[in-house]
Engineer: 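Got a structure for you, questions after.
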Amino acid sequence: MAPVKPVRGTHDILPKDIGRFRHVEETAREIARRYGYGEIATPIFEFTEVFARTLGDTSDVVTKEMYSFDDRGGESLTLRPEGTAGVARAFISNGLIQNLPLRFFYRGPMFRYERPQKGRQRQFHQVGVELLGIADPLGDAEIICQGADLLDALGLSDKVTLHLNSLGDTESRATYRQRLIAYLDGHRDRLSEDSLQRLDHNPLRVLDSKDERDRAIVAAAPILTDSLNDESRRFFDAVRRGLDTAGIPYVIDPRLVRGLDYYCHTAFEFVTDALGAQGTVLAGGRYDGLIKQMGGQPTPGTGWAAGIERLAMLSEGAPPEPRPIAIVAAGEAPQSAAFALTHRLRRAGFAIDIAYTGNMGRRMSRANKVGARATVIIGEDELARGAAGVRDMESGVQEEVSLTSLETFLSRFR
RNA sequence: GCGGGAGUAGCUCAGUUGGUUAGAGCACCUGGUUGUGGUCCAGGGGGUCGCGGGUUCGAAUCCCGUCUCUCGCCCCA
């Protein structure tokens, strides 16, 4: 018999904790609304190919972190490790190319088989946006502004720094890749083992190695920016001008690269030092080649994703829930009347807490514990008079109110 | 996948060199003579001491394995 506990790297989010979680999500949704991004929900599993083909054969996500399985029909399916591939697939499947440009917002669980840590779970949740059909660099600036607005709305502006880089277009990247490999090849004997691996599979990743020895070598390595061709350079400049115009501060980080293969040009990360090793809180970039690679018409795209748990850990939390009204009955006939009244008030839109056990003291106690703003008290006496006592739980002032006018009277406690 | 730390009640923890039915505070439930909360008093429920194996007359305590959490590497949101 398996022990009764959640699978490693998964979490129950209890009612007392879910407020801040939902707050992040709803804030992101509201910002998305302002930017004209419509919400889209795609399945949490797709054919494995959707991810394998697009994220890149060498990315860690594909090679060792996917939850893949064969279904009963023998199809290889995968729990989505990120959101962009699914949105791109939906774009193609639904023939949405007719409607470009398109702005999407999404939210939901993602799955990666990783070693859990603070801010890193196997099932985690993201909000994200995708802007399809805009090749203009201002599209990149737009989504970065949106990310900055979200972080600002969550009160995180002073806890994060925006890091920005350009990976250039295909040509620029190829040029740089060659230069980098040539340079690193000359230092093979001094590179860490991890970086030797990277050198063969995904050399750009050597750039953000944290190994001391690597860092020294990387410090003197050729810089991506220097390999940008004119067009890539103009593109990058335009993105920067857009951000400058909008007053979004950033630092250029020439060593910032992306783990997934489909990125080009703009790459950015909002980073914090308040979450230990998991510093990236919202990140994204441009992926002009993705849709074509998936089999659709060539369509430019840019977007980002943010970790809800990470944002929730950083933010102060959600605005308080509205307080309920408690109903306390004394005696059997009143209990039945109280039950009916509870139903009536709930249908009228009030949040009602009712207790079924305990003496009056206990029930008042409970009303207090659930944070009731007011308590409606019904006993034999009140019932006989067709009334109830209504007690303001803050002032302690109690007055008798006729049952027929309860809704009106209670509306002041909403 | 690799390395460090931790695991006793829902929570925070105590538990003496291995020795009877494993404790505290908070939380929870009930009562304090027949209808009033945020105090107080009394009582109560709840733990296979993460799990499995070993040593021993005897293990929460020692040994091994394993799981989970946590910090870092890796990776990334």
Side-chain angles (χ1 to χ4, degrees), chain A residues 1-11 14 16 24 28 55 58-65 81-84 107-128 147 160 192-195 197-198 202 205 208-212 214 257-260 268-272 275-284 303-314 326 328-331 334-335 355 357-372 374-383 389-396 398:
Chain A
M1 182 67 191
V4 182
K5 56 181 173 184
V7 171
R8 177 148 134 106
T10 68
H11 259 125
L14 302 178
K16 70 183 175 60
V24 170
L55 302 185
T58 63
S59 73
D60 279 28
V61 170
V62 169
T63 55
K64 45 191 185 196
E65 295 177 2
E82 58 97 45
T84 302
R107 46 141 297 275
M110 306 292 164
F111 306 85
R112 290 182 199 173
Y113 190 87
E114 295 186 276
R115 181 90 175 243
Q117 266 182 51
K118 190 189 211 62
R120 194 171 85 183
Q121 299 164 243
R122 290 182 172 183
Q123 176 177 338
F124 61 105
H125 299 78
Q126 290 186 330
V127 290
V160 299
S192 70
E193 216 165 288
D194 281 335
S195 284
Q197 288 271 329
R198 296 188 188 102
N202 198 348
R205 291 225 68 90
D208 60 2
S209 169
K210 285 170 190 159
D211 187 283
E212 285 291 335
D214 292 347
V257 293
R258 304 270 67 196
L260 309 179
F268 66 92
E269 291 184 1
F270 286 89
V271 177
T272 178
L275 282 180
Q278 267 59 51
T280 303
V281 125
L282 184 154
W304 52 253
I308 295 180
E309 284 86 354
R310 289 184 187 180
L311 291 175
M313 277 189 283
L314 285 176
V328 168
Q335 176 72 299
T357 59
N359 59 23
M360 231 175 143
R362 293 287 160 205
R363 295 187 189 204
M364 289 302 290
S365 239
R366 176 182 166 83
N368 199 55
K369 199 180 62 185
V370 299
T375 300
V376 176
I377 297 158
I378 304 183
E380 303 285 358
D381 299 351
E382 289 87 347
L383 205 53
V390 176
R391 186 181 182 85
D392 183 323
M393 294 301 276
E394 250 150 50
S395 64
Q398 184 170 330

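Per chain, numbering begins at 1; letters A, B, ... match sequence-line order. Note that the coordinates shown come from a computational prediction; the quantities given were computed from them, not determined experimentally.
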Engineer: Do you know which two heavy atoms are closest between A:L311 and A:A306, and how far apart they sit?
Structural biologist: CD1-CB, 3.8 Å
Engineer: Across all strands, who's sitting opposite B:G10 as a Watson-Crick or G-U wobble pair, both distances under 3.5 Å?
Structural biologist: B:C26
Engineer: Distance check, P atoms only: B:G38 and B:C26, in whole angstrom units.
Structural biologist: 15 Å
Engineer: Any side-chain heavy atom of A:R112 sitting closer than 4.5 Å to one from A:F124?
Structural biologist: yes
Engineer: Examine B:U36: is either OP1 or OP2 under 4.0 Å from a nitrogen or oxygen in the side chain of A:R391? Give yes or no.
Structural biologist: no
Engineer: Go through B:G35, B:A77, B:U70 for me and flag the one nearest to the A:T280 side chain.
Structural biologist: B:A77
Engineer: Can you see if the side chain of A:T357 gets near the phosphate of B:U30 - specifically, an N or O under 4.0 Å from OP1 or OP2?
Structural biologist: yes
Engineer: Who passes side-chain hydrogen bond (donor to acceptor under 3.5 Å, both in side chains) against A:R366, sequence neighbours left out?
Structural biologist: A:D353
Engineer: Provide the distance between the two C1' atoms, one in B:A9 and one in B:U56, to the nearest whole Å.
Structural biologist: 29 Å
Engineer: For A:T272, enumerate each residue passing the side-chain hydrogen bond (donor to acceptor under 3.5 Å, both in side chains) test, keeping only those at least two apart in sequence or located in another chain.
Structural biologist: none
Engineer: OP1 or OP2 of B:G32 versus the side-chain N and O atoms of A:N359: is any pair under 4.0 Å?
Structural biologist: yes
Engineer: If the sugar-phosphate is the primed atoms plus P, OP1 and OP2 and the base is the rest, what is the B/S/- string for nucleotides 39-50 of chain B, using protein heavy atoms under 4.0 Å?
Structural biologist: ------------
Engineer: If I pick the P atom on B:C62 and the same atom on B:A6, what distance separates them, to the nearest angstrom?
Structural biologist: 12 Å
Engineer: On a heavy-atom basis, which atom in A:G389 and which in A:Q398 lie closest, and how many Å separate them?
Structural biologist: CA-NE2, 4.2 Å
Engineer: Quick check: closest heavy atoms across A:P116 and A:G9, and the distance to 0.1 Å?
Structural biologist: CG-CA, 3.9 Å
Engineer: Look at A:Q117 and B:G72 and indicate whether a side-chain polar atom (N or O) is within less than 4.0 Å of OP1 or OP2.
Structural biologist: yes
Engineer: Touch check for A:G331, heavy atoms < 4.0 angstrom, all strands: base, sugar-phosphate only, or nothing?
Structural biologist: nothing
Engineer: What integer number of Å spans the P atoms of B:C28 and B:U66?
Structural biologist: 41 Å
Engineer: Please tell me if A:K16 has a side-chain N or O lying less than 4.0 Å from either OP1 or OP2 of B:C11.
Structural biologist: no
Engineer: Within the structure shown, what part of the strands sits under 4.0 Å from A:G9 by heavy-atom distance: base, sugar-phosphate, or nothing?
Structural biologist: sugar-phosphate
Engineer: Taking the same atom, P, in B:G35 and in B:G44, what whole-Å distance lies between them?
Structural biologist: 26 Å
Engineer: Applying the Watson-Crick and G-U wobble criteria at under 3.5 Å, what pairs with B:G72? Answer none if nothing qualifies.
Structural biologist: B:C2
Engineer: Does the base of B:G1 carry an N or O that pairs as donor and acceptor with the side chain of A:E114 under 3.5 Å?
Structural biologist: no
Engineer: Please state how far atom CZ in A:R363 lies from atom P in B:C29, giving the value in whole angstrom units.
Structural biologist: 13 Å
Engineer: Please enumerate all protein N or O atoms sitting under 3.5 Å from an N or O of nucleotides 2-5 of chain B, with distances to 0.1 Å.
Structural biologist:
residue	atom	partner	partner atom	Å
B:C2	N4	A:R115	NH1	2.6
B:G3	O6	A:R115	NH2	3.4

Engineer: RNA chain B: A:A330 or A:E394, which has the more 5' nearest nucleotide?
Structural biologist: A:A330
Engineer: With rounding to whole Å, what would you report as the distance between B:G3 and B:G45 at their C1' atoms?
Structural biologist: 44 Å
Engineer: With no angle test and no hydrogens, is the base of B:C74 tied to the side chain of A:R205 by a donor-acceptor pair under 3.5 Å?
Structural biologist: no
Engineer: Using atom P of each nucleotide, how far apart are B:G54 and B:G58 to the nearest Å?
Structural biologist: 12 Å
Engineer: Can you list everything that forms a salt bridge (charged side-chain N to carboxylate O under 4.0 Å, His left out) with A:E309? Sequence neighbours excluded, please.
Structural biologist: none
Engineer: Would you find a donor on one side and an acceptor on the other, under 3.5 Å apart, between the side chain of A:R391 and the backbone of A:T375?
Structural biologist: no
Engineer: Who pairs with A:R122 by side-chain hydrogen bond (donor to acceptor under 3.5 Å, both in side chains), at least two apart in sequence or on another chain?
Structural biologist: none
Engineer: Could you say whether A:L282 or A:K369 is positioned toward the 5' end of RNA chain B, judged by the nucleotide with the nearest heavy atom to each?
Structural biologist: A:K369
Engineer: How far, in whole Å, is B:G10 from B:G52 if one measures between their C1' atoms?
Structural biologist: 26 Å
Engineer: Do A:T280 and A:E269 have side-chain N/O donor and acceptor atoms under 3.5 Å apart?
Structural biologist: yes
Engineer: Can you tell me the pairing partner of B:G52 across any strand shown, Watson-Crick or G-U wobble, with both distances under 3.5 angstrom?
Structural biologist: B:C64
Engineer: Are the side chain of A:R363 and the backbone N or O of A:G358 linked by a donor-acceptor pair below 3.5 Å?
Structural biologist: yes
Engineer: Within the structure, does a side-chain N or O atom of A:R120 lie under 4.0 Å from either OP1 or OP2 of B:A77?
Structural biologist: no
